[in-house]
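This report refers to the structure that appears directly beneath it.
Computed from heavy atoms alone, side chains included, the values below leave out hydrogens, waters and symmetry copies. For the single chain, residues carry numbers from 1 onward in sequence order.
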Amino acid sequence: MPAVTVDNVLALPRISTPQPGSADRPVRAVTTAPTGYEGEGFPVRRAFAGVDMKYLDPFIHMDQMGEVNYAPGEPKGTPWHPHRGFETVTYMIDGIMDHQDSHGGGGSITGGDTQWMTAGSGILHIEAPPEHLVVSGGLFHGVQLWVNLPRSNKMAAPRYQDITGREVALLSSPDGGALVRVIAGEMDGHEGPGSTYTPITLSHVTVAPGASVTLPWNARYNAIAYVLGGSGTVGTERRPVRTGQTTVYGSGDTLTFAAAEGTESMEMFVLGGEPIREPVAMAGPFVMNTKAEVLQAFEDFQSGRFGQP
């Protein structure tokens with residue numbers, strides 16, 4: 001699980017130690033992601049299954065894609081499909097994925113890269129491994145997240161952001177036991193490169209075996225931590241977690257987690273945002289505020305108003 005790594009984590013800016021009076025967020029719930037298949041048949045874990053939507057807002061959906069080691073000829077992607085009313089964020093940890101969309105956005109992303117697509121008023125896109133990876137096979141692992149758009153931005157013009165791994169903000173825990181990659185939003189005064197309509201923070205955190213980290217967290221945001229790999233504990237109550245489990249935190253100023261002793265780091269996808277608190281009407285690839293808006297999205301797609309592949 002390489003993503004973005006550094007030779008000397010202690011050379012990075014250090015995350016501040018918690019201020020006196022800071023309140024560590026309690027663990028509200030831990031859920032286990034069921035497995036399934038997406039697109040042309042690649043395996044996923046449904047990270048938000050079983051989590052109440054009120055604790056996820058402004059996030060809608062998240063899949064851990066893989067981790068799977070494909071044999072030659074096996075790598076799979078998704079066919080052309082539409083979206084409206086939200087943003088799709090694809091973060092690659094291992095492997096390569098190519099993106100194309102009907103508004104001219106596109107490119108290849110590999111370990112540590114992110115492609116951020118604002119569907120807005122409507123777009124068609126496709127995500128698939130390049131032909132050489134289909135031929136050779138190989139390790140494939142990533143995350144796809146859906147970020148809701150507020151009513152005022154549902155019909156924004158579509159856009160595409162290609163965020164390379166070298167652009168993310170890299171931070172160290174005070175003792176060097178954790179590497180934090182800030183993809184979007186802000187952490188302890190350090191900004192990630194992703195531009196968002198909704199105030200959020202996205203990060204990938206690697207905690208070395210036996211180490212722990214406490215992250216400062218915006219008190220207005222909710223907080224979710226998903227275990228991409230390894231095992232450990234979450235919260236000061238040290239609730240056990242492992243690969244494929246999602247932690248929902250309560251209110252407070254900081255988030256704490258620790259990796260188990262042994263040889264394997266714990267990999268966490270840590271995210272949160274300011275809730276939109278608007279009605280959500282969702283069907284398939286469309287996330288709107290009302291059923292009528294969803295029906296209109298289907299009509300617009302079938303009428304070709306989302307563009308052409």
Answer yes if the side chains of Q115 and E127 hold a donor-acceptor pair under 3.5 Å, and no otherwise.
yes
Around atom CZ of R14, are there more than 12 heavy atoms from other residues, nucleotides or ligands closer than 6.0 Å?
yes
Is there side-chain contact between Y226 and M62, with at least one heavy-atom pair below 4.5 Å?
yes
Sub-4.5 Å side-chain heavy-atom contact between F269 and I183
yes
If hydrophobic clusters are built by linking Ile, Leu, Val, Met, Phe, Trp and Tyr wherever their side-chain heavy atoms come under 4.5 Å apart, do M117 and M288 end up in the same one?
no
Using a strict cut-off of less than 4.0 Å between a Lys/Arg side-chain nitrogen and an Asp/Glu carboxylate oxygen, indicate whether R84 and D300 qualify as a salt bridge.
yes
Would Q144 and H61 count as having a side-chain donor-acceptor pair, cut-off 3.5 Å?
no
Check this for me: E237, atom CD, are more than 12 non-hydrogen atoms of other residues, nucleotides or ligands nearer than 6.0 Å?
yes
Using side-chain heavy atoms (C-beta onward) and a distance below 4.5 Å, is T118 in contact with N153?
no
Is there a side-chain contact between V207 and F257 in this structure, where contact means two heavy atoms from C-beta onward sitting under 4.5 Å apart?
yes
Going by atom types only, do D113 and T164 share a side-chain donor-acceptor pair under 3.5 Å?
no
I'd like to know if the side chain of T256 pairs up with that of T236 as donor and acceptor (distance under 3.5 Å, no hydrogens or angles considered).
no
Side-chain touch V143/T90, heavy atoms, less than 4.5 angstrom:
no
Over all heavy atoms of both residues, which pair between T243 and G229 is shortest? Give the atoms and the distance, please.
OG1-CA, 3.3 Å
Tell me whether Y197 shares a hydrophobic cluster with I123, the cluster being built from Ile, Leu, Val, Met, Phe, Trp, Tyr side chains joined at under 4.5 Å.
no
Any side-chain heavy-atom pair of F140 and E67 under 4.5 Å
no
Name of the residue among E267, M266, R45 meeting side-chain contact (heavy atoms from CB on, under 4.5 Å) with L228:
E267
Minimum heavy-atom distance R239-V30, with the two atoms named:
CG-CG2, 3.8 Å
Give a yes-or-no answer on whether the side chains of H125 and Q100 include a donor-acceptor pair shorter than 3.5 Å.
no
Modelled atom types, side-chain donor and acceptor of E87 and W116, under 3.5 Å
yes
Do F306 and H83 have ring centres separated by under 6.0 Å?
no
Presence of salt bridge, R46 and D63, under 4.0 angstrom
yes
Side-chain heavy atoms of L145 within contact of L202, under 4.5 Å:
yes
For D101 and Y160, what are the C-alpha separation, side-chain angles and deciding distance, and is it a side chain to side chain contact (heavy atoms under 4.5 Å, CB included)?
CA-CA 9 Å; D101 67 51; Y160 176 79; 4.1 Å; yes
Does the ring-ring contact (aromatic ring centres under 6.0 Å, His included) test come out yes or no for Y91 and H204, once each step is laid out?
CA-CA 10 Å; Y91 173 60; H204 174 189; 5.6 Å; yes
Looking only at side-chain N and O atoms, does Q308 offer a donor or acceptor that is under 3.5 Å from a partner on S102?
no
For a quick check under 3.5 Å, do R181 and T206 share a side-chain donor-acceptor pair by atom type?
yes
